[in-house]
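Note sheet for the following structure.
Bear in mind the structure is a predicted one, so any value in this text is a computation, not a measurement.
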2 protein chains.
Amino acid sequence: MFSEEERDAMYKVIYSRRDIRTFLPDPVPENKIHRILDAAHHAPSVGFMQPWNFVLVSSGEIKEKLAWAADKERRALAIHYEEEKASKFLGLKVEGLKEAPLTICVTCDPTRGGSHVLGRNSIPETDMMSTACAIQNMWLAACSEGLAMGWVSFYKKNDIRDILDIPPHVDPLALISIGYTDHYPEKPILETAEWEKRRSLDHLIFENRWDHR
Amino acid sequence: MFSEEERDAMYKVIYSRRDIRTFLPDPVPENKIHRILDAAHHAPSVGFMQPWNFVLVSSGEIKEKLAWAADKERRALAIHYEEEKASKFLGLKVEGLKEAPLTICVTCDPTRGGSHVLGRNSIPETDMMSTACAIQNMWLAACSEGLAMGWVSFYKKNDIRDILDIPPHVDPLALISIGYTDHYPEKPILETAEWEKRRSLDHLIFENRWDHR
């Protein structure tokens, strides 16, 4: 059981957590990284398959390559967006990949646990969702450790496989930047920039069946 | 910034959280449900798209139908597993759906935010991963509230769409049972039952590139 203080601490972390794009060069202590990854590893997973791996990239050379892959995709996306604003936001993320002292590629191995993972047969995407739960644990742990974290999800997966030598059947689902920051915003950057509003929770909740209004 | 106590509370919740399958009939106070859903709504989402909805099912009749859909799938899966053990674990989940006073269907709307959600174009699954982050927030919040939560992921999505009148383009990603329990185990049930071991974290971490050993 948890005390009210513990419960409130939990909510405080959930509400404070932000996607960060600017990092200081200061290194992250190894024990913090270990605690964050152990938190990830204690996420739920379908059939207890634990499909995740973590490739810790501290090499400047490899980080440059990852940033190159994301920047290539940013430029390709910019052609579709046809507006400077979108490209600006995505550009911030690419810079973050170079600035942060550590990049973690989080992968999902759909073959982990064999051909018939308990409960995964009906909805195969549950392996990816398990990995996302691990990333959310990482994020909350990082936040509670006073660290900043950013999630980059624009790249061609095969570019990342090539750069990090990841097997073809393994999914590189996220590039995570971790480090310290001198700017931890109160609200999501996309909310502050009026790119998108936070929706009203009441409108997202239905009782007993979908409301088509 | 967080105190050490707050950080430790965060980790305590992460390590305590379990997938629960047996529930007491006691109702869950509305303010707790609201706090849990608000925590879910404060999960990260790609391009701030907030793709989630929550269908709160308290009607006994509709809960029976959901349990029927899961049980139908359990019986179909049992034919593939050809062993009683797997069917037993999945059976527990079906019972949980009937026992828990509240079932929440968490959905993902891939069309939320329009055709070009910022950052989602490269990896479309990021909408599902955002929804999984919301579910993980729910889970941690529920745990810190002294509540039990179970995630059922075996059913045909169209059965759930039919029962809850969910539009065809919306993905019913999870059936979540929430309630109180008198048995909150220390370890995952599948670990205790020696169905699957917890992997060693060290073997899941690589430095700078994938290690093919």
If we only count heavy atoms from C-beta on, is the [X] to [Y] side-chain gap below 4.5 Å?
X         : Y         : value
His34(A)  : Leu201(B) : yes
Glu5(B)   : Glu5(A)   : no
Ile123(B) : Tyr155(A) : yes
Met129(A) : Ser153(B) : no
Glu125(A) : Glu125(B) : no
Arg18(B)  : Pro44(A)  : no
Asp38(A)  : Tyr11(B)  : no

Flag the one option from [options] with the top tally of heavy-atom pairs under 4.5 Å to chain B.
options                                   : value
His80(A), Lys156(A), Lys157(A), Arg161(A) : Lys157(A)
Ala141(A), Pro167(A), Ala39(A), Ala86(A)  : Pro167(A)
Asp8(A), Ile166(A), Asp211(A)             : Ile166(A)
Arg17(A), Met1(A), Met128(A)              : Arg17(A)
Ser3(A), Ala9(A), Ala132(A)               : Ala132(A)
Asn208(A), Leu164(A), Ile163(A)           : Asn208(A)

Portion of [X] that has a non-hydrogen atom of chain A nearer than 4.5 angstrom:
X         : answer
Ser16(B)  : side chain
Glu73(B)  : side chain
Val152(B) : neither
Ile36(B)  : both
Val46(B)  : side chain

Given the options [options], which has more heavy-atom pairs under 4.5 Å with chain A than any of the others?
options                                    : answer
Val170(B), Leu140(B), Ile104(B), Thr126(B) : Leu140(B)
Glu191(B), Arg7(B), Arg120(B), Lys93(B)    : Arg7(B)
His212(B), Glu207(B), His116(B)            : His212(B)

When you look at NE2 of His203(B), are more than 12 heavy atoms from neighbouring residues, nucleotides or ligands closer to it than 6.0 Å?
no
Assess whether side-chain contact (heavy atoms from CB on, under 4.5 Å) is satisfied between Asn137(B) and Gln136(A), documenting all intermediate values.
CA-CA 8 Å; Asn137(B) 269 10; Gln136(A) 180 64 0; 2.7 Å; yes
The test is side-chain contact (heavy atoms from CB on, under 4.5 Å); show your working for Trp210(A) and Cys105(B) and say whether it passes.
CA-CA 10 Å; Trp210(A) 195 273; Cys105(B) 178; over 6 Å; no
Atom group of [X] that falls short of 4.5 Å from chain B, counting heavy atoms:
X         : value
Val117(A) : backbone
Leu90(A)  : side chain
Thr103(A) : neither
Glu196(A) : both
Arg198(A) : both
Ile33(A)  : neither

Tell me, with the steps shown, if Phe2(A) and Cys143(B) meet side-chain contact (heavy atoms from CB on, under 4.5 Å).
CA-CA 8 Å; Phe2(A) 297 90; Cys143(B) 181; 3.7 Å; yes
Please enumerate all residues that pass side-chain hydrogen bond (donor to acceptor under 3.5 Å, both in side chains) together with Arg35(A), with sequence neighbours excluded.
Glu145(A)
Dump the intermediate steps for side-chain contact (heavy atoms from CB on, under 4.5 Å) on Trp195(A) and Leu118(B), then the final yes or no.
CA-CA 9 Å; Trp195(A) 175 273; Leu118(B) 192 63; 3.9 Å; yes
For residues 47-62 of chain B, dump all side-chain donor-acceptor pairs below 3.5 Å to protein atoms at least two apart in sequence or in another chain.
from: Gln50(B); atom 1: OE1; to: Arg199(A); atom 2: N; distance (Å): 2.8
from: Gln50(B); atom 1: NE2; to: Lys197(A); atom 2: O; distance (Å): 2.9
from: Gln50(B); atom 1: NE2; to: Phe48(B); atom 2: O; distance (Å): 3.0
from: Trp52(B); atom 1: NE1; to: His41(B); atom 2: ND1; distance (Å): 2.9
from: Asn53(B); atom 1: OD1; to: Arg112(B); atom 2: NH2; distance (Å): 2.5
from: Asn53(B); atom 1: ND2; to: Leu204(A); atom 2: O; distance (Å): 3.1
from: Ser59(B); atom 1: OG; to: Glu61(B); atom 2: N; distance (Å): 3.3
from: Ser59(B); atom 1: OG; to: Ile62(B); atom 2: N; distance (Å): 3.1

Locate the shortest heavy-atom distance separating Leu77(A) from Ser122(B); write the atom from each residue and the value.
CD1-OG, 3.8 Å
Please state whether the rings of Tyr15(A) and His42(B) are parallel, tilted or perpendicular, taking 30° and 60° as the class boundaries.
perpendicular
Just verifying a value: how many Å separate Cys133(B) SG and Trp151(A) CH2, rounded to the nearest 0.5 Å?
4.5 Å
